[in-house]
Amino acid sequence: MIEKQTMTGASETLELLSSKLKNTNEPMSLPNRLEFGLIDLHPDLFQPRHEVLDEHHVQELARTIKRQGDLDPILLLPVGQRGVVIDGHHRLEAYKLACVTNTVPVNWFCGSVEEAVLEAGRINSKVRLVMGTQERMNYAWRLVLLDRYTKPEMMEASGASDGQLGKMRRLKRELGDAAYDFTVWQEALNHHQMNSRKPMDDDEREAYLEALANEYADRLHKAFGTILGQNPEVAARALAFHLGRRLEDVVKELLHYVSEDAMEENEDF
């Protein structure tokens with residue numbers, strides 16, 4: 001199980017791996033299978049979701065291993081004679097659960113540690129367990145805290161916008177060393193607001209509301225998937241039941257998100 005760690009620890013891990021990479025000679029040839037005991041995990045850097053493994057997914061992968069054998073290769077960063085997992089944390093845990101702990105299939109990433117961190121984000125934006133909005137914001141916040149990447153690099157890896165990353169950088173500066181105590185973007189925002197003596201300006205308020213909205217959107221997606229959009233009449237009734245007398249306030253806010261073309265096509269708006 002992956003434990004959460006502070007961003008101070010992640011920065012130290014990055015420095016340590018970078019140092020090892022510079023001071024050791026890479027093997028002449030990189031094998032396509034590696035012994036289980038030679039594979040290292042540093043989820044504080046290479047697990048973009050920064051949370052415990054999805055147990056259901058691990059169980060499904062383990063059953064696949066028992067039925068069919070090898071899964072897709074695990075992507076490793078070569079550090080000396082060992083490999084550090086960039087992508088494949090669930091697969092590695094599934095091999096362990098399936099009692100396959102001799103050798104496992106691997107691919108290798110030939111680049112720096114900093115580049116490997118970004119590669120982990122790019123891959124996780126495409127895999128089956130797609131990162132939700134809140135997870136992507138948390139990953140973007142972690143990249144900001146590492147303080148090694150340009151905005152374009154962070155935008156590509158995390159999916160965060162230029163404006164969102166700008167807000168994160170400003171908050172990092174304002175929090176100072178305390179910023180590294182938070183791996184969750186929403187928690188950093190909450191801490192800043194509770195400890196700030198001045199009211200939020202427009203940008204800070206926008207960042208705070210956006211983070212809350214992202215969290216609620218992820219909760220709705222996990223609970224309902226796409227069913228609300230496929231059943232607008234039922235969705236409307238459910239919201240009416242849930243919101244009661246506050247429904248009118250929410251409808252007024254929703255109008256800000258309806259395009260002008262849609263407004264013109266539907267006189268009901």
Side-chain angles (χ1 to χ4, degrees), residues 1-5 43 46-64 87-91 93-94 97 120-143 155 157-161 163-165 167-168 182-194 205-259 262 266 268-269:
M1 183 172 291
I2 294 177
E3 297 179 356
K4 295 184 178 180
Q5 299 184 31
F46 302 114
Q47 178 65 297
R49 291 177 179 81
H50 214 276
E51 60 180 20
V52 296
L53 295 176
D54 185 309
E55 185 61 29
H56 175 73
H57 189 51
V58 171
Q59 296 281 349
E60 287 294 323
L61 291 175
R63 282 192 280 271
T64 300
D87 179 66
H89 295 81
H90 287 84
R91 276 166 278 162
E93 187 68 16
L97 183 62
R122 293 188 191 100
I123 293 172
N124 272 267
S125 69
K126 301 174 184 177
V127 295
R128 196 183 324 174
L129 290 176
V130 177
M131 285 192 288
T133 304
Q134 187 181 2
E135 291 172 326
R136 286 190 288 105
M137 292 303 100
N138 290 341
Y139 180 55
W141 172 240
R142 289 165 55 200
L143 292 178
M155 289 169 63
S158 69
S161 69
Q164 289 165 335
L165 289 167
K167 293 166 188 174
M168 290 180 181
F182 303 99
T183 58
V184 176
W185 170 231
Q186 181 64 56
E187 291 178 359
L189 281 171
N190 290 343
H191 176 81
H192 180 259
Q193 176 59 19
M194 286 189 296
R205 183 175 185 275
E206 177 63 24
Y208 181 75
L209 292 177
E210 185 174 0
L212 276 179
N214 286 333
E215 179 183 352
Y216 294 170
D218 283 347
R219 289 183 185 181
L220 284 170
H221 179 72
K222 289 178 181 177
F224 298 106
T226 61
I227 195 170
L228 291 180
Q230 295 170 354
N231 298 275
E233 182 179 356
V234 176
R237 292 190 185 202
L239 286 173
F241 293 153
H242 176 64
L243 295 169
R245 289 175 291 179
R246 301 307 302 270
L247 178 64
E248 185 176 341
D249 296 333
V250 174
V251 171
K252 288 179 180 177
E253 293 296 328
L254 283 173
L255 290 177
H256 296 300
Y257 298 91
V258 180
S259 69
N266 195 328
D268 291 341
F269 289 132

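- Atom CZ of Arg63 and atom CG of Leu97 lie 9.0 Å apart (nearest 0.5 Å).
- Rounding to the nearest 0.5 Å places NE2 of His191 at 13.5 Å from CD of Gln186.
- The heavy-atom pair separating Ala94 from Val58 by the smallest distance is CB-O, 3.7 Å.
- Annotation: the span from Phe224 atom CZ to Asn231 atom CG amounts to 11.5 Å, rounded to 0.5 Å.
- Annotation for Leu254: atom CG counts as buried by contact number, over 12 foreign heavy atoms lying within 6.0 Å.
- Note: Lys167 NZ to Glu206 CD = 4.5 Å, rounded to the nearest 0.5 Å.
- What you find for Tyr139 and Ala157 is that their closest heavy atoms are CE2-O, 3.8 Å.
- Legend: residues meeting salt bridge (Lys or Arg N to Asp or Glu O under 4.0 Å) with Glu233, ordered by chain and number and at least two apart, are Arg237.
- You'll find the side chain of Leu239 stays beyond 4.5 Å of the side chain of Val250, heavy atoms only.
- To the nearest 0.5 Å, the span separating CG on Asn190 from NE2 on His192 amounts to 11.5 Å.
- The side-chain heavy atoms of Met168 and Met137, taken from C-beta on, include a pair separated by under 4.5 Å.
- Across all their heavy atoms, Thr183 and Arg142 have their closest contact at O-CG, 4.1 Å.
- Nearest heavy atoms, Trp185 versus Asn138: N-OD1, 2.9 Å.
- Between Arg91 and Leu61 the shortest heavy-atom distance is N-CD1, 4.0 Å.
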